[in-house]
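Keep in mind it's a predicted model, so treat the numbers as computed, not measured.
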Amino acid sequence: MKISARELLGQLLDTDSYVSWDRSPITVAATPRYRETLRTAAVAAGTDESVLTGEGLLRGRRVAVIACEFGFLAGSIGVAAAERIVSAVERATDLGLPLVASPTSGGTRMQEGTVAFVQMVKIAGAVAAHKSAGHPYLVYLRNPTMGGVFASWGSLGHMTFAEPGALIGFLGPRVYQALYGEPFPEGVQTAENLYRRGVIDGAVTVPLFRRIAHRALSVFSGVPVPDSTVGEQDPIDERRTAAEPVSAWESVEISRRPDRPGIRDLLRHVTQRVPLSGTGQGESDRTVVHALARFRGQPCVVFGHDRSGQQDGYPMGPAALREARRSMALAEELRLPLVLVIDTVGAALSKEAEERGLAPEIARCIADLVTLNTPTISVLLGQGTGGGALALLPADRVLAATHAWLAPLPPEGASAIVYRDTEHAAELAQSQRIRAAELLADGVVDRIVPEFPDAADESVDFARRMVAAVAGELARLRNKPAAELRALRKQRYRRLGLPGTVDHQADG
């Protein structure tokens, strides 16, 4: 049973809040037969075109909406429908409203031919302008969404979810079979498969998408909100004791404990969390986590290494870095701070990684971060090995846990290069100044968030402490102009390694 446009709006928006923006469809050139087809479609669908547009409230938040009606000529998009969509997008942009679009369509309206086909350019251009103005664009794909609709405004969302079981793809199965004489492979053009492949962010029902959209729009607003945990005394404060100094190698071993808290532990202590998935371009990597969140009321995009996903020797590949670049683009488009979490055993060393562009992706991540027009915070949470760690390091502020470390190779690898064995790993760890204390002294890290004495033994308290530290940094950075951030960032990394004043702190 397909969800109609009006049913979609009824489930998505607050009761009786929808206000239509639609005027009578513009007149297009049509044969008598096509005019009769349009009249019949209007009666069958109960709408005057294949799309409805307007505004309403989504859990009290004003949003613009676009909803396709599949009952009107299979939701196909012709000149009149495209004009209605573009007018709605432009109005949402002028009003500064978030835009929620829900396509369901067979694609271009064949009765209008090429002129209908090129309308997708006009729609995509309007959506791009809306996003460039810093306004959110959320997409919910319904069953089915095919052809040029999926290949234009259906694939431009800041986040994209789909109806469970929905048929979603570029070339329709019936067209494929007619052209190639065989059925399209089963299970490819489904919402669930596209989610697994990193094309969309999830397959959820409309009520669940409503909740997700509400959380996402709260973060996208960029406005800090009061948080009930702000001002609470850190529960560890009364019993905290200074950790005994340990060697660099001991820190390395501590950072490798399998029960050490990772990015997922931090995210359990944030609010308004919305998990995202994949690059949006058919790739995903289980060694990373990507989400929208609030750290004690401070909104941000979060991306980082997932230590649990790197177990069993599964290293970070090029797709992880392309996901990182998606998070950077999302943060910049929506003027949101970006929080990056480093906790990696290193990038993949394989034929596939080389051929899929691992090194160029590391370079692009670094270049994107040093020029990003939004506040950035990097958190060195545990292991920081090689280019995979360096790709997430450049930031306005860099925090490190007591036993976190950063090195071009694992100490064993450095020993193998220098001494042709692994027996000197501890010695190399010390001499390379890889641990947090030396990184602080050398200006690589700005602040150490303590472990008492080991994060694995106080995972909840440590996670809360780190979340609070990130929230404080976000609050301090949020009002700095983009030009000032870029200039300070440039100066920071230009002076790195040179004699001079180092601005840093260690938490008590």
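Contact check for W153 versus I66: side-chain heavy atoms found under the 4.5 Å cut-off. Residues C365 and M328 are in side-chain contact: their nearest non-hydrogen atoms beyond the backbone lie under 4.5 Å apart. Contact check for R294 versus V219: side-chain heavy atoms found under the 4.5 Å cut-off. Between L393 and L390, the closest side-chain pair of non-hydrogen atoms falls below 4.5 Å.
Residues meeting the side chain to side chain contact (heavy atoms under 4.5 Å, CB included) test with S155, sequence neighbours left out: F150. With sequence neighbours excluded, no residue satisfies salt bridge (Lys or Arg N to Asp or Glu O under 4.0 Å) with R486.
The distance from the CZ atom of F184 to the CG atom of L179 is 12.0 Å, given to the nearest 0.5 Å. L485 contributes atom CG, which lies 12.0 Å from atom CZ of R492 (distance to the nearest 0.5 angstrom). Going from atom CZ of F70 over to atom OG of S4 covers 13.0 Å, rounded to the nearest 0.5 Å. Note that CZ of R268 and CZ of R273 are 8.5 Å apart. Values are rounded to the nearest 0.5 Å. Atoms CZ and CZ, from R215 and R59 in turn, are 8.0 Å apart once rounded to the nearest 0.5 Å. Distance OG/S102 to CG/L8: 4.0 Å, rounded to 0.5 Å.
A salt bridge is defined here as a Lys NZ or Arg NE, NH1 or NH2 lying under 4.0 Å from an Asp or Glu carboxylate O, and K122 with E83 meets this definition. Between E283 and R326, no side-chain nitrogen of the basic residue sits less than 4.0 Å from a carboxylate oxygen of the acidic one, so the salt-bridge criterion is not met. A salt bridge does not link D306 to R286: none of the charged side-chain nitrogens sits closer than 4.0 Å to a carboxylate oxygen. Looking at R23 and D48, no side-chain N of the basic residue comes within less than 4.0 Å of a carboxylate O on the acidic one, giving no salt bridge. Between R33 and E36 there is no salt bridge, since no side-chain nitrogen of the basic residue lies less than 4.0 Å from a carboxylate oxygen of the acidic one.
For the side-chain contact (heavy atoms from CB on, under 4.5 Å) criterion with L97, the lone passing option out of T93, D94, L95 is L95. Checking each of T374, T371, N373 against E332 for a side-chain hydrogen bond (donor to acceptor under 3.5 Å, both in side chains) leaves exactly one that passes, namely N373.
The environment of F170 atom CZ is sparse: at most 12 non-hydrogen atoms of other residues, nucleotides or ligands sit within 6.0 angstrom.
Neither side chain, T160 nor D201, offers a donor N or O lying under 3.5 Å from an acceptor on the other. If you check the side chains of S221 and R61, you find no donor sitting under 3.5 Å from an acceptor.
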**Stepwise side-chain contact (heavy atoms from CB on, under 4.5 Å) test for L292 and Q272** = CA-CA 7 Å; L292 310 171; Q272 303 291 352; over 6 Å; no
**Item:** From CA spacing to verdict: salt bridge (Lys or Arg N to Asp or Glu O under 4.0 Å), E163, K2
**Value:** CA-CA 10 Å; E163 180 185 353; K2 292 182 174 62; over 6 Å; no
**Message:** Could you walk me through whether V274 and F220 satisfy the side-chain contact (heavy atoms from CB on, under 4.5 Å) test, starting with their C-alpha distance in whole Å, then the side-chain angles of each, then the deciding distance to 0.1 Å, before giving a yes or no?
**Reply:** CA-CA 11 Å; V274 178; F220 286 160; over 6 Å; no
**Asked** Which is it for L52 and E69 under the side-chain contact (heavy atoms from CB on, under 4.5 Å) test, yes or no, and what are the steps along the way?
**Response** CA-CA 7 Å; L52 302 180; E69 175 51 66; 5.5 Å; no
**Asked** Stepwise, does the side-chain contact (heavy atoms from CB on, under 4.5 Å) test hold for T47 with R6?
**Response** CA-CA 9 Å; T47 61; R6 289 197 172 93; 3.5 Å; yes
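Classified by interplanar angle (parallel below 30°, tilted 30° to 60°, perpendicular above 60°), the ring pair H130/H135 is tilted.
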